[in-house]
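Accompanying notes for the structure given below.
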2 protein chains.
Amino acid sequence: MKSEIAEILKKNQLSVTGSRTAILEMFKKSNGALAHADIEKKSTEQFDRVTIYRTLQTFVEKGIIHTIPTTDNSVLYALCINNCTQNHHHDNHAHFICDVCDITFCLNHVTIPEVNLPEGFKKKRADIVLSGVCKNCSNK
Amino acid sequence: MKSEIAEILKKNQLSVTGSRTAILEMFKKSNGALAHADIEKKSTEQFDRVTIYRTLQTFVEKGIIHTIPTTDNSVLYALCINNCTQNHHHDNHAHFICDVCDITFCLNHVTIPEVNLPEGFKKKRADIVLSGVCKNCSNK
DNA sequence: TAATATCTTGCAACATTGTTGCAAATTATA
DNA sequence: TATAATTTGCAACAATGTTGCAAGATATTA
């Protein structure tokens, strides 16, 4: 695990540091998306707020994680499964936010259907944000 | 115009006040979504920041406007075209953010296609956020 | 229309979130 | 191991969002 994470960092020309390793590990272990606040509060080690901001920013730039749009004013981050390279994220992302447990899932296997845009509009990227009740919560 | 706006407010059991009228007018005149900062900066009259926050919040609760999720950490608001009643917004919204002019369009006529969710997930609401180049900008 | 009740606004004070510069510490390189 | 390059944490600040409360505006009733 440790070395796997170090590999990812090295592959992206990033120094392997304590905070980067720990934060990336949190993403690997989490089954959903994380907000800045989650990382600040839930990490065992204590990192400076600034460090977390900069780490997340770096990870986004390198294509290790991506941001998820939400209807409220929170920013969520989640691991890019694969193939996202620097400044060249996948063009399509589907996410599901559970109204009950509030966990955000990346639906990597969901294919985003084509949308009929009005004439003249050229699409580059599509985000779908679904909300409702997730698998775990509907089984209770 | 003035009276049309007053009508909307009355229909929603809201007192017709200067700030509400002016802010709602801004939405009517704007061809895209507005952020809190837009209203604070672009309005001719000067409103207290708190008033703007509370007005937007009230409008969202009444179903006059709705929020739009964005990948960065900004919150956008746009008029609900019709039928959105209190706490019962339309379940589907499609929006288009232009990378060039940065205007956000509500695509009211775009029907959101069905997404194949993994088993156990129950969808209540769907937001689609597309980005690319809008009609105006691609004609230049 | 005037008096009263209700609601809305603006101010102040505060909490949270995000940004920048810089010195000290850490990591990578030779 | 020494040096260069990068990263971190602190401080200071800027921007954004929240709450309580008194003064003002709007709606309601007679």
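Chain identifiers are assigned alphabetically (A, B, ...) following the order of the sequence lines, protein sequences preceding nucleic acid strands; residue numbering begins at 1 within each chain.
Across all strands shown, A:Arg54 has heavy atoms under 4.0 Å from base atoms, whether or not it also approaches the sugar-phosphate.
Take B:Thr104 and apply the side-chain hydrogen bond (donor to acceptor under 3.5 Å, both in side chains) test, not counting sequence neighbours, and it matches no residue. With sequence neighbours excluded, no residue forms a salt bridge (Lys or Arg N to Asp or Glu O under 4.0 Å) with A:Lys10. Applying the salt bridge (Lys or Arg N to Asp or Glu O under 4.0 Å) rule to B:Asp38 yields the partners B:Lys42; only residues at least two apart in sequence or on another chain are considered.
In terms of position on DNA chain C, the residue among B:Arg20 and A:Val75 whose nearest nucleotide sits closer to the 5' end is B:Arg20.
Taking a 4.0 Å limit (strictly below) on heavy-atom distances, residues 32-51 of chain A reaches DNA chain D at A:Asp48, A:Val50, A:Thr51.
Minimum heavy-atom separation, B:Ala22 to B:Phe47: CB-CZ, 3.7 Å. Nearest heavy atom pair, residue B:Phe105 against residue B:Cys134, reads CE1-CB, 3.5 Å. Summarising the geometry of B:Cys101 relative to B:Cys98, their closest heavy-atom pair is N-SG, 3.4 Å, with the distance given to 0.1 Å. Pairing each heavy atom of B:Arg49 with each of B:Glu40, the nearest pair is CD-OE2, 3.0 Å.
B:Tyr53 has its OH atom 7 Å from the P atom of D:dT16, to the nearest Å. In this structure, B:Gln13 places its CD atom 13 Å from C1' of D:dA27, rounding to the nearest Å.
Between B:Phe59 atom CZ and B:Phe27 atom CZ the span is 8.0 Å, to the nearest 0.5 Å. To the nearest 0.5 Å, atoms CG (A:Leu130) and NZ (B:Lys122) are separated by 15.5 Å.
Ring planes of A:Tyr53 and A:His36: parallel class, angle under 30° (limits at 30 and 60°).
Using a 4.0 Å cut-off, no side-chain N or O of A:Thr17 falls inside it from OP1 or OP2 of D:dT7.
For A:Thr55 (side chain) and A:Thr51 (main-chain N/O), a donor-acceptor pair under 3.5 Å exists by modelled atom type.
Taking the C1' atoms of five terminal pairs at each end of the helix from C:dT1-D:dA30 to C:dA30-D:dT1, the two resulting helix axes are inclined by 40°, rounded to 10°.
Bounding nucleotides for the chain B contact on DNA chain C, 5' to 3', at a heavy-atom distance below 4.0 Å, are C:dC7 to C:dG18.
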